[in-house]
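Just the heavy atoms: all of them, side chains too, but no hydrogens, waters or symmetry mates, feed the values below. FYI, the numbering just counts along the sequence from 1.
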Amino acid sequence: MENLKLRKVKYSDIDRIVEIHKKAFPNFFMTQLGDKFLKKYYELVLSYSLNIFLAIEEEKYIVGFIAGFFNSSYFYSLLKKHKFDLGLAILPTLFIKPWLILVIWGNFIRVSNLSKEKPIKTMNICELASIAVDPNYTGRGLGKMLVKTFLEISKKMGAKFVYLTTDAKNNDAVNYFYQSLGFELYRTFRTRLGRIMNEYRYYFDK
């Protein structure tokens with residue numbers, strides 16, 4: 001573990017971040033949207049002034065990352081502002097997988113709704129949006145290191161709590177992972193397209 005280092009993500013890291021995302025989530029929705037979309041998305045995360053975007057590296061080689069944002073309604077406003085750039089990044093994938101259009105539309109509505117949230121509702125709240133470890137480096141506690149550091153930074157930024165969403169079904173290991181780190185199940189809900197999700201929260205004042 002002495003060769004491990006946690007640091008902020010830089011623009012030059014984005015290609016490696018995309019590679020790790022694809023390896024960790026090979027069949028997930030965002031991965032199916034293609035490399036161009038993932039690169040644009042993570043570039044926007046990096047450009048957001050209130051991001052928490054960390055990489056963990058071993059001997060200067062990135063093996064995992066965690067990404068999220070403070071006051072999330074502002075970040076979703078940024079995504080909405082760049083909807084055309086994101087749409088162009090998705091176009092090549094739609095020619096190959098046109099059935100994704102319904103899922104994309106559902107997510108566009110979600111982002112649009114989140115961007116309209118009054119800032120007071122998301123003020124001093126932090127969203128943990130993405131965490132991934134290269135499958136070749138799992139089982140070493142790297143995910144826990146990333147989450148604990150994310151929580152520490154969130155608290156220093158003044159967050160009341162950190163929240164995240166993850167699949168409720170066929171996802172026992174991930175749900176247990178967050179519970180083991182002190183996250184509490186806040187609600188279970190169904191998305192517009194029928195996906196059942198769990199929302200977890202980690203409170204700092206309890």
Side-chain angles (χ1 to χ4, degrees), residues 21-33 37-38 41-42 45 48 50-53 64-77 79-80 99-133 135 138 141-155 157 159-206:
H21 181 110
K22 289 162 54 183
K23 284 184 176 181
F25 310 113
N27 300 311
F28 281 58
F29 169 64
M30 284 181 62
T31 305
Q32 292 185 62
L33 296 180
F37 172 83
L38 287 173
Y41 171 79
Y42 283 117
V45 174
Y48 180 58
L50 296 174
N51 74 62
I52 303 177
F53 201 0
F65 71 91
I66 192 166
F69 15 86
F70 192 73
N71 295 356
S72 58
S73 63
Y74 291 118
F75 174 73
Y76 288 110
S77 294
L79 282 189
K80 189 177 179 181
W99 61 86
L100 285 175
I101 189 66
L102 291 176
V103 186
I104 292 169
W105 180 249
N107 277 271
F108 172 77
I109 293 173
R110 172 180 172 270
V111 168
S112 182
N113 289 337
L114 288 169
S115 70
K116 294 175 184 175
E117 288 269 14
K118 293 181 179 179
I120 192 66
K121 286 188 175 182
T122 60
M123 193 69 68
N124 300 328
I125 296 171
C126 197
E127 178 177 354
L128 196 171
S130 183
I131 176 174
V133 173
T138 57
L142 305 186
K144 287 186 177 181
M145 289 177 62
L146 286 166
V147 173
K148 286 180 178 179
T149 305
F150 187 97
L151 293 172
E152 290 171 4
I153 294 173
S154 299
K155 186 175 183 179
M157 291 176 76
K160 297 175 182 176
F161 62 86
V162 173
Y163 80 96
L164 62 91
T165 59
T166 190
D167 286 281
K169 292 188 173 183
N170 302 316
N171 197 30
D172 292 346
V174 173
N175 281 275
Y176 176 76
F177 171 74
Y178 289 119
Q179 291 168 11
S180 71
L181 289 169
F183 283 83
E184 300 175 11
L185 181 61
Y186 176 71
R187 63 173 178 144
T188 299
F189 64 98
R190 186 185 297 270
T191 68
R192 289 173 177 268
L193 297 174
R195 188 175 172 189
I196 301 175
M197 308 293 292
N198 282 337
E199 178 181 331
Y200 286 98
R201 293 185 176 188
Y202 186 101
Y203 293 93
F204 292 112
D205 295 333
K206 284 193 173 183

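- Scanning all heavy atoms of the two residues, the minimum distance from A132 to L146 falls at O-CD1, 4.4 Å.
- Summarising the geometry of L128 relative to L164, their closest heavy-atom pair is O-CB, 3.5 Å, with the distance given to 0.1 Å.
- Taking each heavy atom of V45 and F53 in turn, the nearest pair found is CG1-CD2, 3.8 Å.
- Rounded to the nearest 0.5 Å, atoms OG1 (T166) and CD (E199) are 12.0 Å apart.
- The shortest distance between side-chain heavy atoms of F161 and D205 does not fall below 4.5 Å.
- Heavy-atom minimum distance, F150 versus E127: CZ-O, 3.6 Å.
- In this structure, Y76 and F69 have perpendicular ring planes: the angle between them is above 60°, well past the 30° mark.
- In K148, the NZ atom is not crowded: 12 or fewer heavy atoms of neighbouring residues, nucleotides or ligands sit closer than 6.0 Å.
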Problem - Residue pair F204, L151: steps toward the side chain to side chain contact (heavy atoms under 4.5 Å, CB included) verdict - result: CA-CA 9 Å; F204 292 112; L151 293 172; 4.3 Å; yes
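- A pairwise comparison of heavy atoms in N175 and D167 identifies ND2-O, 3.0 Å as the closest pair.
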Just do the side chain to side chain contact (heavy atoms under 4.5 Å, CB included) check on T138 and L142 with the steps written out, would you? CA-CA 7 Å; T138 57; L142 305 186; over 6 Å; no
_Show, in sequence, the C-alpha distance, side-chain angles and deciding distance for S130 and Y42, and conclude whether the side-chain hydrogen bond (donor to acceptor under 3.5 Å, both in side chains) test is met._
CA-CA 10 Å; S130 183; Y42 283 117; 2.9 Å; yes
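- Inter-residue side-chain proximity for V147 and I66 is flagged as met; some heavy-atom pair is nearer than 4.5 Å.
- A distance of 11.0 Å separates CD1 in I52 from CD in E152, rounded to the nearest 0.5 Å.
- Between atom OH of residue Y74 and atom CG of residue L79 there is a gap of 15.5 Å, rounded to the nearest 0.5 Å.
- Taking CG from D172 and CZ from F177, the interatomic distance works out to 15.0 Å, rounded to the nearest 0.5 Å.
- Looking only at distances, no side-chain donor or acceptor of N124 sits under 3.5 Å from a matching main-chain atom of N71.
- Of the possible donor and acceptor atoms, one in the side chain of T31 sits under 3.5 Å from a partner among the backbone N and O of F25.
- To the nearest 0.5 angstrom, M197 atom CE is 8.5 Å from N171 atom CG.
- Residues Y48 and F70 share a closest heavy-atom pair of OH-O, 2.7 Å.
- For Y178 (side chain) and Y202 (main-chain N/O), no donor-acceptor pair under 3.5 Å exists by modelled atom type.
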